[in-house]
2 protein chains.
Amino acid sequence: MSKKKGDKKAKPGKKKDHAGLSVVDLAPTITHAARSMRTALTRSLGESGLYAGQDGVILALAEEEGMTPGQLALRLGVKAPTMTRTIGRMEAQGFLERRADETDGRLTKVFLTHNGLKTVEQIGRSVSECGEQAARGLSDKEVRTLLKLLKLVEQNLQPAQEEDQDSLDD
Amino acid sequence: MSKKKGDKKAKPGKKKDHAGLSVVDLAPTITHAARSMRTALTRSLGESGLYAGQDGVILALAEEEGMTPGQLALRLGVKAPTMTRTIGRMEAQGFLERRADETDGRLTKVFLTHNGLKTVEQIGRSVSECGEQAARGLSDKEVRTLLKLLKLVEQNLQPAQEEDQDSLDD
DNA sequence: CTTGTCGCCCTTTTTCTTGCTCATCGACTC
DNA sequence: GAGTCGATGAGCAAGAAAAAGGGCGACAAG
């Protein structure tokens with residue numbers, strides 16, 4: 001196989017860039033890794049009858065019942081319409097149910113059904129073993145480093161990340 | 001199973017420091033970061049008239065014309081059907097064209113059109129600035145570390161990467 | 001040596017889901 | 001009553017799995 005990447009932007013600097021890795025590889029690499037992760041997760045999650053993307057909803061709800069779609073979306077990092085549809089499908093699948101808030105008619109609260117509750121530990125297992133497979137051969141320290149860098153990248157990419165130090169909470 | 005460094009189960013709150021980061025966070029964190037990256041890339045790529053996922057096809061073809069859908073899929077880490085449809089759409093968009101191989105009737109070769117060729121550098125710019133935004137505040141060394149770890153994760157998640165050869169140990 | 005069949009490879013089609021953006025509708029607040 | 005916040009609907013695309021279509025080569029039978 002021919003490994004001809006990186007030769008187009010060979011930096012003539014005195015740095016010892018052994019592999020020619022730089023920021024231009026960031027997007028493809030993250031994307032590719034995430035795709036592999038998603039595929040692996042889909043396989044593992046399929047035994048529970050769910051799809052990748054639904055696991056987070058169950059786990060978040062297992063930690064805190066009665067969240068609203070907006071809160072769930074914010075927590076999982078997806079947009080509200082996406083969460084609405086995923087919730088709708090999962091409701092049809094019988095994993096959770098919507099309940100209208102009594103005090104505020106705008107809000108919809110989401111609760112796990114008995115069926116959904118049963119899948120929690122299985123999902124946890126799926127996510128765990130998927131993470132373990134991904135981290136095979138990595139030291140504990142390397143995993144923490146990876147997570148830390150990933151979170152920094154994530155923050156950097158937040159569009160509403162204006163550094164207004166004033167709290168904008170309600 | 002040759003490593004014994006950290007195969008204990010993820011027990012919350014057992015270790016020392018800041019946050020209880022462990023392998024169970026790997027899947028959500030990578031997923032979340034990749035989503036943010038994809039969203040940012042979609043915005044940037046939109047000016048060129050493309051969608052996230054199409055950029056890699058153009059760039060791969062710019063490096064090596066006449067690749068088959070299967071080769072492209074393998075290179076970009078997606079499944080063949082996905083690549084077929086993406087190619088079809090991009091062909092309709094006028095960025096590339098399909099040409100039947102003369103010697104082998106099974107093969108389809110993909111070539112950039114003049115229009116597609118014109119977008120190459122713009123795509124490169126989009127990917128670059130997106131990577132730079134993601135890497136904001138990270139040192140060069142940190143970026144390389146992140147890329148290295150990501151590639152390891154990616155390799156670990158390849159399903160067809162069984163231990164047919166024991167030389168690919170850690 | 002010729003021929004026919006079978007199996008494999010590559011591509012494409014189909015169906016399902018997530019995810020985003022834009023737009024709408026209802027309900028609460030001022 | 002106007003503005004705003006939250007949830008939802010419609011439209012577009014990527015990605016995966018399963019399966020179908022076509023072509024090529026190998027292998028066996030005559």
Side-chain angles (χ1 to χ4, degrees), chain A residues 31-57 67-74 76-93 95 98-110 157 159 168-170, chain B residues 28 31-46 49-57 67-74 76-93 95 98-110 157 159:
Chain A
T31 302
H32 199 150
R35 254 199 302 256
S36 302
M37 182 70 86
R38 183 191 185 85
T39 300
L41 207 51
T42 295
R43 287 187 183 280
S44 185
L45 247 33
E47 304 164 5
S48 313
L50 325 126
Y51 302 90
Q54 298 183 335
D55 55 326
V57 182
M67 294 183 83
T68 68
Q71 290 174 321
L72 281 166
L74 196 64
L76 299 181
V78 300
K79 303 303 179 195
T82 300
M83 186 50 62
T84 292
R85 191 162 34 151
T86 296
I87 289 173
R89 210 173 301 267
M90 292 176 75
E91 188 173 26
Q93 289 172 291
F95 291 116
R98 277 186 259 223
R99 237 177 276 166
D101 188 291
E102 295 131 359
T103 66
D104 195 332
R106 295 171 298 185
L107 300 180
T108 302
K109 298 195 158 197
V110 186
L157 290 171
L168 70 158
D169 55 352
D170 63 274
Chain B
T31 302
H32 199 151
R35 256 199 301 256
S36 302
M37 182 69 88
R38 183 193 184 85
T39 300
L41 206 52
T42 297
R43 288 190 182 279
S44 184
L45 246 33
L50 324 126
Y51 302 90
Q54 298 184 336
D55 55 325
V57 181
M67 294 182 81
T68 67
Q71 289 174 321
L72 282 166
L74 197 63
L76 299 181
V78 301
K79 302 304 177 196
T82 300
M83 186 50 62
T84 292
R85 190 160 40 148
T86 295
I87 288 172
R89 209 173 304 264
M90 292 177 75
E91 188 174 27
Q93 288 170 293
F95 292 116
R98 277 185 256 222
R99 238 178 276 166
D101 188 292
E102 294 132 0
T103 65
D104 195 332
R106 296 171 297 185
L107 300 181
T108 301
K109 296 197 160 194
V110 186
L157 291 171

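Proteins get letters first, then strands, A, B, ... in listed order; numbering begins at 1 in each. Computed from a prediction, not measured in an experiment: that's the story for all the values here.
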Nearest heavy atoms of B/Val110 and B/Pro69, plus distance in Å: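 Residues B/Val110 and B/Pro69, closest heavy atoms: CG2-CD, 4.2 Å.
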
Residue met sooner reading DNA chain D from 5', once B/Thr103 and A/Arg43 are mapped to nucleotides: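 Closest to the 5' end, via its nearest nucleotide, is A/Arg43.
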
Of B/Gln93 and A/Ile87, the one whose closest DNA chain D nucleotide lies more 5':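 That would be A/Ile87.
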
Side chain of [X] (C-beta onward), nearest among [options]:
X: B/Arg85; options: D/dC12, C/dT12, C/dT15; result: C/dT15
X: B/Pro81; options: C/dT11, C/dT13, D/dT8; result: C/dT13
X: A/Tyr51; options: D/dG22, C/dT12, C/dC16; result: C/dC16
X: B/Val78; options: D/dA17, D/dA16, C/dT18; result: D/dA16
X: B/Lys79; options: C/dC20, D/dA17, C/dC28; result: D/dA17

Contact class for [X] (heavy atom, under 4.0 Å): base, sugar-phosphate, or nothing?
X: B/Thr82; answer: base
X: A/Thr108; answer: sugar-phosphate
X: A/Pro69; answer: sugar-phosphate
X: A/Thr84; answer: base
X: A/Thr68; answer: sugar-phosphate

Rounded distance (Å) that lies between atom [atom2] of [N] and atom [atom1] of [X]:
X: B/Arg38; N: C/dC20; atom1: CZ; atom2: P; answer: 9 Å
X: B/Arg35; N: C/dT17; atom1: CZ; atom2: C1'; answer: 13 Å
X: A/Gln54; N: D/dG15; atom1: CD; atom2: P; answer: 19 Å
X: A/Met90; N: C/dG19; atom1: CE; atom2: P; answer: 11 Å
X: A/Leu72; N: D/dT8; atom1: CG; atom2: C1'; answer: 15 Å
X: B/Arg89; N: D/dA14; atom1: CZ; atom2: C1'; answer: 8 Å
X: B/Arg99; N: C/dC10; atom1: CZ; atom2: P; answer: 21 Å
X: A/Leu41; N: C/dT17; atom1: CG; atom2: P; answer: 17 Å

Distance test, side-chain N/O of A/Arg98 to OP1/OP2 of D/dT8, below 4.0 Å: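 Affirmative; the distance criterion is met.
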
Distance below 4.0 Å between B/Thr42 side-chain N/O and C/dC20 OP1 or OP2: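 No, because none of the side-chain N or O atoms of B/Thr42 sits under 4.0 Å from OP1 or OP2 of C/dC20.
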
Flag side-chain contact, heavy atom, 4.5 Å: B/Val57 against B/Met83: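 The answer is yes; the side chains approach within 4.5 Å.
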
Spacing of B/Arg98 atom CZ and B/Thr68 atom OG1 [to the nearest 0.5 Å]: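 Taking CZ in B/Arg98 and OG1 in B/Thr68, the distance rounds to 12.0 Å.
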
A/Gln93 side, atom CD; A/Ser48 side, atom OG - distance, nearest 0.5 Å: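 Result: 11.0 Å between the selected atoms.
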
Side-chain donor or acceptor of A/Arg35 paired with backbone N/O of B/Leu76 under 3.5 Å: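 A pair under 3.5 Å: yes.
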
Under 3.5 Å donor-acceptor, B/Arg106 side chain and B/Asp101 backbone: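 No, B/Arg106 side chain to B/Asp101 backbone: no donor-acceptor pair under 3.5 Å.
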
